[in-house]
2 protein chains.
Amino acid sequence: MLYFIGLGLSYETDITVRGLNAIKQCSRVYLEHYTSILMTASLEELEEFYGKKVTLADRELVESGAEELLRDADKEDVAFLVVGDVFGATTHTDLVLRAKQRNIPVEVIHNASVMNAVGSCGLQLYNFGQTISMVFFTDSWRPDSWYDKIWENRKIGLHTLVLLDIKVKEQSIENMARGRLIYEPPRYMSIAQCCEQLLEIEETRGTEAYTPDTPCVAISRLGSASQTFKAGTIKELAEYDSGEPLHSLVILGRQTHELEIEYLLEFCDDREKFKQDVASDQEYFKPPAWVPPPEDED
Amino acid sequence: MLYFIGLGLSYETDITVRGLNAIKQCSRVYLEHYTSILMTASLEELEEFYGKKVTLADRELVESGAEELLRDADKEDVAFLVVGDVFGATTHTDLVLRAKQRNIPVEVIHNASVMNAVGSCGLQLYNFGQTISMVFFTDSWRPDSWYDKIWENRKIGLHTLVLLDIKVKEQSIENMARGRLIYEPPRYMSIAQCCEQLLEIEETRGTEAYTPDTPCVAISRLGSASQTFKAGTIKELAEYDSGEPLHSLVILGRQTHELEIEYLLEFCDDREKFKQDVASDQEYFKPPAWVPPPEDED
């Protein structure tokens, strides 16, 4: 059996009882290690908690060499642990497919992930649109295809969850070119950097998917004891010191209810200003009157 | 301390280790009982597993009489258990607010919910739009505001998660009128009924948010041992026997990748037909060429 087990967001005890029981009967345990990190537990703490050796699985191991992972999983129990829930990343779906092709039975044990736990900022999950990823801009690479997605979401009044880039076990271009397996220290995007990139692309594109005054919620260390929410405009949050990782951001859509705003007011510096910012943004982006499509003339 | 603890989807062991530890130190434990059900564990099994008495909290208790729930929660530990994750329903956000207003410390322990576990059908969570709820139609009440939301999602190529109605502890109109606390047996909407209601409203509205041939995935008993996925068109799924509850449905958007389709093919009766259905739907609903907005003439 190949178990896919979500670890949740933060603590080693965020694993489910069922997940922990499964790990205890596995002969090999891998921890997926390149799309996210568990915030408050080290590898050693996990190993002690599980009573098992845990092998870190980097992108190479999962995407190219799934051989090691799948080996004998039809005869013995193997666990593949994923921070958050199991199906946050395409590669994990791919791994399930590969296991099925070899007739390896698969069991999925779900857990919380940012995709549902983000509801704890007070915004209703029902009203979120597509999720985007914000990557670190470099001098030569400033991808902005996410801009259209924010625009699409906001056109129909939906919130946008922005997942902030993390770089774990990345090589510098020089080391990669020389084939040296030397890795850069891990990097995690801050709320301020994300907001600066948002402002930059809005200025370049200029089609107003949002403005510097569009209200957002910064979410830091979701699910941990130091979890923090901060509500403010993009411009304000571009100056915000969000502290330790991990972070994500929600750009508000027009579909906000009074109760949601009331909840967010707990997280802002100036309640009256924030209320006004939300109202102005809603007014500015209110949908134009609906025009029926032209009749076909045939 | 007032603990909000997600129970996950199905088994009593789907609770997290941290959640279970918290329950064990609580003097009172309530289980929210009107927005969802835990599929494979009875109240008695939960009580035995926790080693605690569990009080069912119906809508009245939570929405009107939160008094009992919040009583002494500043001095002792009280747990409020929610199937799935904590923030699936607005009322729970409201309860957090009320606790904060009384200076009762709150801790949230997250878990999986349909909102993220739906990823196990193979469709990427990134590409889901707003979520809709499908309620049981009655002779006099056939609400269809969800239709516009599907249309909005599909216009920008996104999938729509449809949550199917459950009726737990509902009164008949007659019993309600006479003030008799007699409750109807629980009812859970089937996939077939949901699809029939989809077809009916498309026929009434006629603006083609989708067609009878639009591809969907039926999700039954998510996270349990008898979890089943079925891929087919709305018309086909209107004839589908989905078995025991709970169910939900995903209406596919245009943004599907090859790997996602490959995954879904495992769940359909006729792979070639389903591939063709997806391609036809994508072609039929492909977006019109983008027209720049008119210049302001000032």
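In this text, all values refer to a predicted model and were calculated from it rather than measured experimentally. Naming convention: chains lettered A, B, ... in sequence-line order (proteins, then strands); numbering from 1 in each chain.
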Engineer: Let's test your reading of the structure: which of B:V96, B:V114, B:T207, B:N127 forms the most heavy-atom pairs below 4.5 Å with chain A?
Structural biologist: B:V96

Engineer: Would you mind checking which part of B:L20 comes under 4.5 Å of any heavy atom in chain A, side chain (CB onward), backbone (N, CA, C, O), both or neither?
Structural biologist: side chain

Engineer: If you count heavy-atom pairs under 4.5 Å between each of A:N21, A:L163, A:N111 and chain B, which one has the most?
Structural biologist: A:N111

Engineer: Taking the six-membered ring of B:F285, is the NZ or CZ of B:R154 close enough (under 6.0 Å from the centre) and on axis enough (within 45°)?
Structural biologist: yes

Engineer: Just grab all the salt bridge (Lys or Arg N to Asp or Glu O under 4.0 Å) pairs involving residues 102-123 of chain B, residues at least two apart or on different chains.
Structural biologist: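 Found B:R18-B:E107, B:E67-B:R102.
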
Engineer: Determine yes or no for a side-chain-to-main-chain donor-acceptor pair under 3.5 angstrom, with B:Q227 supplying the side chain and B:G223 the backbone.
Structural biologist: yes

Engineer: Give, as side chain, backbone, both or neither, the part of B:E260 having an atom under 4.5 angstrom from any heavy atom of chain A.
Structural biologist: neither

Engineer: Does any backbone or side-chain atom of A:L161 lie under 4.5 Å from a heavy atom of chain B? Answer side chain, backbone, both or neither.
Structural biologist: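 No part of A:L161 comes within 4.5 Å of chain B.
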
Engineer: Looking only at heavy atoms and a cut-off of under 4.5 Å, which of A:G253, A:G129, A:G8 has the most pairs with chain B?
Structural biologist: A:G129

Engineer: Using every non-hydrogen atom in the two residues, find where A:E12 and A:F49 come nearest and quote the distance to one decimal.
Structural biologist: O-CE2, 3.5 Å

Engineer: What are the two closest non-hydrogen atoms of B:M134 and B:W146, and how far apart are they?
Structural biologist: CE-CZ2, 3.6 Å

Engineer: Can you give me the closest heavy-atom contact between B:C26 and B:Y3, atom names plus distance?
Structural biologist: SG-CD1, 3.8 Å

Engineer: Against chain B, work out which of A:S113, A:G6, A:G119, A:A117 has the most heavy-atom pairs shorter than 4.5 Å and name it.
Structural biologist: A:A117

Engineer: Using non-hydrogen atoms and a 4.5 Å limit, figure out which bit of A:S133 sits close to chain B: side chain, backbone, both or neither.
Structural biologist: side chain

Engineer: Kindly say whether the aromatic ring centers of A:H159 and A:F128 come within a distance under 6.0 Å.
Structural biologist: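 Yes, ring centres under 6.0 Å apart.
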
Engineer: For the interface with chain B, which of A:I132, A:L125, A:D148, A:I109 has the highest count of heavy-atom pairs at distances below 4.5 Å?
Structural biologist: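 Most heavy-atom pairs under 4.5 Å with chain B: A:L125.
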
Engineer: Check for a donor-acceptor pair, side chain of B:E45 on one end and backbone N or O of B:S42 on the other, with a separation under 3.5 Å.
Structural biologist: yes

Engineer: Heavy-atom distance under 4.5 Å to chain B: side chain of A:K155, backbone, both or neither?
Structural biologist: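 Neither part; nothing is under 4.5 Å.
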
Engineer: Using non-hydrogen atoms only, which part of B:L158 is less than 4.5 Å away from chain A: side chain, backbone, both, or neither?
Structural biologist: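 For B:L158, the side chain is the part near chain A, not the backbone.
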
